[in-house]
Amino acid sequence: MFVLVEMVDTVRIPPWQFERKLNDSIAEELNKKLANKVVYNVGLCICLFDITKLEDAYVFPGDGASHTKVSLGFFDDILIPPESLQQPAKFDEAEQVWVWEYETEEGAHDLYMDIGEEVRFRVVDESFVDTSPTGPSSAEATSSSEELPKKAAPYTLMGSISEPGLGLLSWWTSS
Amino acid sequence: MDGRLPKDANAALLSNYEVFQLLTDLKEQRKESGKNKHSSGQQNLNTITYETLKYISKTPCRHQSPEIVREFLTAMKSHKLTKAEKLQLLNHRPVTAVEIQLMVEESEERLTEEQIEALLHTVTSILPPGPEAEQQQSASDDVAMDEEDPA
């Protein structure tokens, strides 16, 4: 889920008098540049882990409509397509939620996927979309998160809940 | 994004506990240093560390410690699981056989029922339950349990 990634970078910082402050300002610059940003083909960057003499290491989570959207809180762009729900599934138009038509000997139980319920899902795929601006990289100096096009998410996870044990936690815990 | 290529895209796996420690320490450091000169530039860091910490705090790693993790990894040696599988067990603390099946690939071929039970016992006895499991535990203590889950 979370990985440590080494990166090499050149960070331009103003000269500081004390070495301790130098490391702090490098850390600050790097976090400013990468925290909460997606790195292409790697994942969402959380924060700087450590500065070694020559290299830096970062922490990322990775590995690995009708779409159901799931959120981890710190990362939102997670989709579960209808075919990856517990089957058979139907969409209840009145309630506007997906329903697992769970069958036992007594007949079908409709298990509703209510909004806000906690689910366990498996990550089955990830996709990166290069949303970097085509202008010169000096655009980085401003707060670039507003400049990213809102339509395409740079990093999306595809999830599945179609195995035993997946889906709403309440379906699988004894109570 | 700059599109800088990382040297090694999967340099090391981190457990949720390690990330929890890291972010908690970072939060302390930033509180102590006090200054907010770069507050606008640090907003992204604040957001992501807050949200990630919030997520991890609801998971079983909340009550883990380096000693517990060490004890867990030692106990895991006899179970012949991959590093990634051990990490899943550490991060999620499964309590049912169906969860083990999700986390261990081809578990039906690799583990007998007794081995799954043994694994569950190891996991639940060494790793402390997470905050949500504790809530469920105190709720279910008041109610008689007889129905099992739909599995």
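Convention: sequence-line order gives letters A, B, ...; per-chain numbering from 1. Note that the structure is predicted; figures quoted are calculated from it, not measured.
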Nearest heavy-atom approach of B/Leu102 to A/Arg122 is O-NH2, 2.8 Å
May I ask you to check whether over 12 heavy atoms, not counting those of B/Glu113, lie within 6.0 Å of atom CD? no
Should the heavy atoms of other residues, nucleotides or ligands under 6.0 Å from OH of B/Tyr50 be counted, would the total exceed 12? no
I'd like to know if B/Lys58 pairs up with A/Glu118 as an ion pair, taking the criterion as any Lys NZ or Arg NE/NH1/NH2 lying under 4.0 Å from an Asp or Glu carboxylate oxygen. no
Working for side-chain contact (heavy atoms from CB on, under 4.5 Å), residues B/Leu22 and A/Phe2: CA-CA 12 Å; B/Leu22 173 67; A/Phe2 293 102; over 6 Å; no
Quick check on the hydrophobic clustering: are [X] and [Y] connected, directly or via other members, by side-chain heavy-atom contacts under 4.5 Å?
X: A/Val129; Y: A/Leu34; result: no
X: A/Ile161; Y: A/Val99; result: no
X: A/Tyr112; Y: A/Ile115; result: yes
X: A/Trp172; Y: B/Val95; result: no
X: A/Val97; Y: A/Leu111; result: no

Looking at B/Thr52, B/Ile48, B/Leu45, which one forms a side chain to side chain contact (heavy atoms under 4.5 Å, CB included) with A/Cys47? B/Leu45
Point-to-point distance, once rounded to the nearest 0.5 Å, from CG of A/Asn31 to CZ of B/Arg30: 7.0 Å
Is there side-chain contact between A/Arg120 and B/His92, with heavy atoms separated by less than 4.5 Å? no
Can you list the steps and then say if B/Leu23 with A/Ile46 is a side-chain contact (heavy atoms from CB on, under 4.5 Å)? CA-CA 9 Å; B/Leu23 294 179; A/Ile46 307 288; 4.0 Å; yes
Heavy-atom distance under 4.5 Å to chain A: side chain of [X], backbone, both or neither?
X: B/Ile100; answer: neither
X: B/Leu53; answer: neither
X: B/Thr47; answer: side chain

